[in-house]
S.K.: 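The structure that follows is given in the form of structure tokens.
The structure presented is a predicted model; accordingly, all values stated were derived computationally and were not measured. Indexing begins at 1, ligand by ligand and atom by atom, following the structure's order.
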Amino acid sequence: MGLLIKNGTILTALDEIQGDIYCDGDTIAAVGGDLSDRKKTGDDVIDASGQVVFPGGIDPHTHFELPFMGTVSADDFADGTAAALAGGTTMIIDFAIPAVGGSLLDALSDWHAKAKKCVADFSFHMALTDPSDKVLGEIPLLVKEHGISSFKAFMAYKGAIGVDDEALIHFMQTVSKAGGLLWLHAENGDAILERQTRFIAEGKTGPEWHEPSRPAILEGEAVRRALTLAELYDAPIGFVHMSSRDAYQAYAEARVRGQEAYAETCPQYLVLDDSVYQKPNFESATYVMSPPIRPAGHSDWLWKGLINGLIHTIGTDHCPFRLEGQKTMGKDNFTQIPNGGPGVEHRIELMWHYGVGEGKIDRQRFVALTSTNAAKLYGMYPRKGAIRPGSDADIAILDPTASRTITAKTHHSKCDRSLYEGFELKGAVTHVVAGGRLQLVDGDLKAEQGAGRYIPRSARS
Ligand code: URP
Ligand code: ZN
Ligand code: ZN
């Protein structure tokens, strides 16, 4: 079965043209002017006049069905990838997180089992929580035999999945030698633990103490320390969910010195500020995530990084916990509130509205940040992240004149709260094609459980 998308403004990370796209099965077959003569009997046709057509989004940072802080994140792989498709994201990369002391290969098969329900394509990063010989020995196997070329270690979460500098050094050396890329959750775990313990002892128990317990200076310190180690051990390094001026400046200085380093930020750090922690009735717990939402002003630095190209990707860190029954686990102690929030559904429209709509980034940078850069960095380009013959038929269509009001009442996530409740956006995703399947039609989701495919990724060259 084929699909003809007609008369759209086709955006890529490099340029834009007016024209048609013809998809044959799960692959893009032709891109150009008038492709009407390619249409066969029975093919679907979408009229994209007045709309922009771009590579399906890649969200490189999700946590579906994640066991974390005594509970499990609220969206499974079917819910999460359905929410992704509804917002124009056709592929996600989730984090497989082994138990401390557990085997990476076991964690990988657990995540594969959970991801069978995916309605969109998927891959995994592997988290490194334990520098045992067994784990270090499995890293090259994951890269060479399982298509997993990216890893994450946590400098935060001391006493749980966090690791110390000695472990980091082992991970950096082993991952880089294996042709992988190590990403870090950069926050100083020791100082956070000291502050959390002291705050609780002082009776500072509410969600408004979450940000002060892990201030931006502790993210900046961790980024600087990791960069120093990465330089010493000659390893490329990346920083996920960068949230602050302190982290950005430490990172940007290293980039200017010529160090090989990469960065991801998330919409919540670009469009929210720490006033969210003043919301009444424990609603503020919705925003308890790590790193926390920062005071006003920090986001300006992250936008600078998006504009000058030093920040490469936009992930969501989608890790939803329901306010009722999950976030309330920390009603009397903010350190027990499960960390994380939803977002996979709104990444593309938020970046369109606040990035392109407000004139901060052009449409090519929008495509690069939401899709193409992730495809390149994570070893999937040009299969993913491109609109060209031979690429996967993963395509999003957005009507720049349409509006969207975000609310948990209508979003596809199972979370009972949205980080962006009531936000009114200009520009709405109308159609989504995933692997050649028409999954969103005029805003109506027709997701097919199990249709998502595992996408193995190549090692760094
Ligand atoms: O608060 C967050 N970010 N929860 C998910 C785990 C992580 O650190 O990414
Ligand atoms: Zn993290
Ligand atoms: Zn995360």
Side-chain angles (χ1 to χ4, degrees), residues 59-75 80 84 92-100 107 111 122-129 150-163 168 171 182-189 192-193 196 207 210-211 213-214 218-219 222-223 226 237-244 247 262-269 272 274 276-277 284-294 313-323 326-327 329-330 334-344 347 374 378 413 415 417 419:
D59 186 339
H61 195 146
T62 67
H63 300 282
F64 300 143
E65 208 176 326
L66 173 69
F68 192 54
M69 294 185 72
T71 183
V72 179
S73 61
D75 287 328
I92 59 92
I93 314 181
D94 201 85
F95 289 83
I97 307 189
V100 179
W111 255 257
F122 60 95
S123 181
F124 306 116
H125 313 280
M126 181 56 66
L128 303 173
T129 56
S150 49
F151 298 82
K152 177 181 178 186
F154 299 86
M155 299 168 80
Y157 307 130
K158 186 178 166 71
I161 52 177
V163 296
L168 271 189
F171 294 155
L182 179 65
W183 291 80
L184 296 175
H185 176 138
E187 290 185 289
N188 183 315
I192 292 167
L193 185 59
Q196 288 180 326
H210 178 64
E211 202 282 334
S213 75
R214 46 205 318 143
L218 296 182
E219 188 184 4
V223 166
I237 200 81
F239 298 97
V240 290
H241 49 46
M242 187 173 278
S243 73
S244 65
Y262 304 94
E264 166 202 88
T265 189
C266 313
Q268 58 268 34
Y269 302 121
L272 301 176
D274 68 345
V276 294
Y277 295 119
S284 52
T286 304
Y287 303 89
V288 169
M289 63 185 68
S290 297
I293 309 294
R294 301 298 185 188
T313 58
I314 302 287
T316 56
D317 199 4
H318 180 99
C319 189
F321 296 104
R322 298 174 64 83
L323 187 66
Q326 292 194 295
K327 293 283 183 178
M329 292 163 64
F334 74 89
T335 71
Q336 305 295 316
I337 299 170
N339 282 203
V344 71
R347 185 182 67 112
Y378 290 113
S413 165
C415 195
R417 293 295 184 280
L419 301 179

S.K.: Going from CG on Asn339 to OG on Ser290, what distance comes out if it is rounded to the nearest 0.5 angstrom?
M.R.: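 Here the rounded value is 3.5 Å.
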S.K.: Give a yes or no on whether the backbone of Ala285 and the side-chain of Lys327 come within a donor-acceptor separation of less than 3.5 Å.
M.R.: yes
S.K.: Report the nearest protein non-hydrogen atom to atom 4 (N) of ligand 1: residue, atom name, distance rounded to 0.1 Å.
M.R.: Asn339 O, 3.1 Å
S.K.: Counting only N and O atoms by type, is there a donor-acceptor contact under 3.5 Å from the side chain of Tyr269 to the main-chain atoms of Pro291?
M.R.: yes
S.K.: Examine distances only and state if a side-chain atom of Arg214 and a backbone atom of Pro292 form a donor-acceptor pair shorter than 3.5 Å.
M.R.: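 Here the side-chain-to-backbone pair does not exist.
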S.K.: Taking just the N, O or S atoms of His63, which one is nearest to the Zn ion (ligand 3)?
M.R.: NE2
S.K.: Mind checking the CZ-CH2 spacing from Phe239 to Trp183? Nearest 0.5 Å is all I need.
M.R.: 9.5 Å
S.K.: Could you list the atoms of ligand 1 found under 4.0 angstrom from a heavy atom of Met289?
M.R.: 1 (O)
S.K.: Decide yes or no for Gln196 and Lys158: does some side-chain heavy atom of the first lie under 4.5 Å from some side-chain heavy atom of the second?
M.R.: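 No, side chains not in contact.
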S.K.: Provide the number and element of each atom of ligand 1 under 4.0 Å from a heavy atom of His241.
M.R.: 8 (O), 9 (O)
S.K.: Which bit of His185 gets closer than 4.0 Å to ligand 1, counting heavy atoms only: side chain, backbone, both or neither?
M.R.: side chain
S.K.: Does any part of the side chain of His241, heavy atoms only, come nearer than 4.5 Å to the side chain of Met289, both counted from C-beta?
M.R.: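 Counting from C-beta outward, Met289 and His241 never come under 4.5 Å.
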S.K.: If we count only N and O atoms by modelled type, under 3.5 Å, do the side chains of Arg347 and Thr316 hold a donor and an acceptor together?
M.R.: no
S.K.: For the residue pair Phe154 and His185, categorise the inter-ring angle as parallel (less than 30°), tilted (30 to 60°) or perpendicular (more than 60°).
M.R.: tilted
S.K.: So, at under 2.8 Å, which protein N, O or S atoms would a careful student list around the Zn ion (ligand 2)?
M.R.: Lys152 NZ, His185 ND1, His241 NE2
S.K.: Quick test: of every protein heavy atom, which one is nearest to atom 3 (N) of ligand 1, and how far off is it to 0.1 Å?
M.R.: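 Answer, as residue, atom name and distance: Asp317 OD2, 2.6 Å.
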S.K.: Which of the numbered atoms in ligand 1 are under 4.0 angstrom from any heavy atom belonging to His61?
M.R.: 9 (O)
S.K.: Nearest to atom 8 (O) of ligand 1, what protein heavy atom do you find, and at what distance?
M.R.: Tyr157 OH, 2.6 Å
S.K.: Does even one non-hydrogen atom of Phe95 get within less than 4.0 Å of ligand 1?
M.R.: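 No, that is not the case, since the closest heavy atom of the residue is not under 4.0 Å from the ligand.
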S.K.: Which ligand 1 atoms are under 4.0 Å away from a heavy-atom of Lys152?
M.R.: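 Near Lys152, the atoms of ligand 1 are 7 (C), 8 (O), 9 (O).
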S.K.: What is the nearest protein non-hydrogen atom to atom 1 (O) of ligand 1, stated with its residue, atom name and distance?
M.R.: Ser290 N, 2.8 Å
S.K.: Atom CD1 of Ile192 and atom CG of Leu218: how far apart are they, to the nearest 0.5 Å?
M.R.: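 Here the rounded value is 5.5 Å.
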S.K.: Tabulate below the donor-acceptor pairs under 3.5 Å that side-chain atoms of residues 67-75 make, not counting sequence neighbours, or state none.
M.R.:
from, atom 1, to, atom 2, distance (Å)
Thr71, OG1, Gln326, NE2, 2.7
Ser73, OG, His63, O, 3.0
Ser73, OG, Glu65, N, 3.0
Ser73, OG, Leu66, N, 2.7
Asp75, OD1, Ser413, OG, 3.4
Asp75, OD1, Lys414, N, 2.6
Asp75, OD2, His318, NE2, 2.8
Asp75, OD2, Ser413, OG, 2.7

